[in-house]
2 protein chains.
Amino acid sequence: MLPQARVAKGQRSRLELTKIAIDCFSRFGYRGTSIERIARAAGVTKGAIYYHFRDKEDLLLAAVSDRVKAFENRVQAACEDIDPSRALRSVAEVCVKNACWGDHPRFTIRLMVEAIDTNDRVSEQLRGMMRRFRAFMRNLIRSGQRQGLFRHDIDAETAAASFTSSVLGAEIQFYQDPERLRLEETIGLYVDQLMNYLAPPARAEEENPSQDSKGAVIDD
Amino acid sequence: MLPQARVAKGQRSRLELTKIAIDCFSRFGYRGTSIERIARAAGVTKGAIYYHFRDKEDLLLAAVSDRVKAFENRVQAACEDIDPSRALRSVAEVCVKNACWGDHPRFTIRLMVEAIDTNDRVSEQLRGMMRRFRAFMRNLIRSGQRQGLFRHDIDAETAAASFTSSVLGAEIQFYQDPERLRLEETIGLYVDQLMNYLAPPARAEEENPSQDSKGAVIDD
DNA sequence: TCAAGAATACTAAACGGTTAGTATGTTACC
DNA sequence: GGTAACATACTAACCGTTTAGTATTCTTGA
């Protein structure tokens with residue numbers, strides 16, 4: 001049963017408001033984004049926002065849900081039908097793409113940091129997301145271990161945490177300093193390191209890292 | 001010539017206010033910290049803050065300077081008179097210690113993220129700090145390459161960026177989820193990976209990773 | 001030495017602006 | 001006619017900053 005045209009319009013408005021809120025929260029944070037700002041950007045008044053959302057936090061929680069879902073769908077899609085080794089690289093690539101050209105790349109990091117100590121509900125949502133992501137990566141690594149692609153004597157959970165750390169940290173540095181922090185190379189090097197480290201002993205020699213000659217020693 | 005007692009008292013008050021501000025900014029961010037809150041925590045009135053600092057941002061810049069200096073001193077001290085290989089580990093240890101038991105561990109990350117797009121002057125200060133840190137790590141790696149401790153075919157700058165990413169990302173995850181993210185292990189694993197990756201080919205076999213047997217494959 | 005004036009470190013209150021949220025009114029669509 | 005999707009006008013609270021004032025210490029000139 002299709003919703004009435006008017007109700008459909010309301011749903012579109014609600015979604016539009018959520019998108020604009022995501023944009024504002026990404027850049028100015030929750031505390032630094034006023035309802036008036038969001039309303040102005042959407043071309044409506046504050047009253048319209050309160051029609052659709054109970055309060056400011058309700059709007060934030062809608063934004064967080066949207067971003068968490070989008071992220072998890074993207075990661076899931078990147079890993080379908082490929083082996084764990086390729087999947088690790090694929091997840092890294094998705095994160096690079098999202099950070100460089102995605103919509104609202106900074107939302108999650110911005111809100112994650114801001115919510116620590118100040119918003120339990122948002123912290124919980126984003127902590128859940130990170131836990132699921134780390135578990136997902138851990139399972140990938142374990143799967144690779146089972147298939148003999150990765151060595152067995154490494155704690156998959158710690159390796160997953162390390163992967164997540166590198167991606168997260170590289171993104172922050174990139175947002176902070178896009179001129180100097182080459183995101184693709186940084187994450188790429190990390191993944192090479194990890195793959196090299198995870199490789200079973202018999203294969204460690206086969207991984208011939210294809211680095212460009214920038215690594216040559218240069219005087220500073 | 002010692003400052004007059006009254007002037008010395010003023011200097012102590014100014015420093016105390018800065019410390020309290022650092023604490024508040026770490027937890028609530030710049031935008032989320034009111035002057036009234038800092039004043040209350042210090043047991044003075046808002047006017048006293050304006051006596052010592054021109055405005056709120058002046059107070060923030062004092063806080064940023066304090067933290068940047070403290071961080072850089074700590075890193076410098078950790079690397080004195082030791083070889084590049086040990087120094088890499090030492091820097092990682094300093095970061096772990098600071099995150100777990102240091103004073104105001106979250107200040108830099110909190111303000112770094114918040115300042116992107118909203119405060120050019122703070123962004124510049126913190127970007128400068130991060131650039132200096134990456135350059136410092138890059139120089140460590142290059143020094144190791146010159147001494148034959150590390151392989152030559154890896155771009156030291158990218159490796160430094162990768163190191164920084166991992167430390168930064170691990171800290172954020174730890175602040176967000178201290179129950180689940182084992183900071184020492186996560187950063188420790190990263191450093192092992194890096195050392196393994198940086199090892200010259202002739203020595204790659206000597207690095208026998210001492211991992212505990214938690215890495216055994218476990219069903220989920 | 002002493003007193004007047006200056007300097008320092010504050011306090012209490014006020015100011016002007018911003019913000020989240022609420023109550024009520026309006027309009028176009030069903 | 002009823003209602004969803006708004007707009008407008010308003011309130012209370014918060015916020016950064018300023019102002020007028022106070023207490024104490026320091027300095028300087030007589």
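Atom CZ in B:R31 sits about 11 Å away from atom C1' in D:dG16, given to the nearest Å. Rounded to whole Å, atom P of D:dC6 lies 11 Å from atom CZ of A:F53. Following rounding to the nearest Å, B:K56 (NZ) and D:dG16 (P) show an atom-to-atom distance of 4 Å. Remark: C1' of C:dA14 and CD1 of B:I35 are 17 Å apart, rounded to the nearest angstrom. Atom pair B:E36:CD and C:dG17:C1' shows a separation of 17 Å (rounding to whole Å applied). For B:R40 and C:dC10, the CZ to P distance is 18 Å, given to the nearest whole Å. Rounded to whole angstrom, the span from the CD atom of A:E57 across to the P atom of C:dT19 amounts to 19 Å. Taking atom CZ of residue A:R54 and atom P of nucleotide C:dA20, one finds them 16 Å apart after rounding to whole Å.
Using modelled atom types, one finds no donor on one side chain facing an acceptor on the other under 3.5 Å when comparing B:S13 with B:Y51.
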Kindly determine whether A:E157 and A:R134 satisfy salt bridge (Lys or Arg N to Asp or Glu O under 4.0 Å), including the steps that lead there. CA-CA 7 Å; A:E157 182 139 0; A:R134 289 197 296 265; 6.0 Å; no
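Projected onto DNA chain C by closest heavy-atom contact, B:G43 and A:Y30 fall at different nucleotides, the more 5' of which corresponds to B:G43. Place A:G32 and A:G47 on DNA chain C by their nearest nucleotides, and A:G32 ends up nearer the 5' end.
The base of D:dA4 has none of its N or O atoms less than 3.5 Å from a complementary donor or acceptor on the side chain of A:K9. Between the side chain of A:R6 and the base of C:dC30 there is no donor-acceptor pair of N/O atoms closer than 3.5 Å. Judged by distance alone with a 3.5 Å cut-off, a donor-acceptor contact links the side chain of A:K46 to the base of C:dG21.
A sub-4.0 Å separation between OP1 or OP2 of C:dT18 and a side-chain N or O of A:S34 is absent. For B:H52 and C:dC10, the shortest distance from a side-chain N or O to OP1 or OP2 is below 4.0 Å. Within the structure, every side-chain polar atom (N or O) of B:Y51 is placed at least 4.0 Å from both OP1 and OP2 of C:dC10.
Of the possible polar contacts, one joining the A:K56 side chain to the A:Y30 backbone as a donor-acceptor pair under 3.5 Å is found.
A:D117 has no carboxylate O lying under 4.0 Å from a charged side-chain N of B:R110, or vice versa, which leaves the two without a salt bridge. The pair A:K19-A:D66 meets the salt-bridge criterion, since a charged nitrogen lies less than 4.0 angstrom from a carboxylate oxygen.
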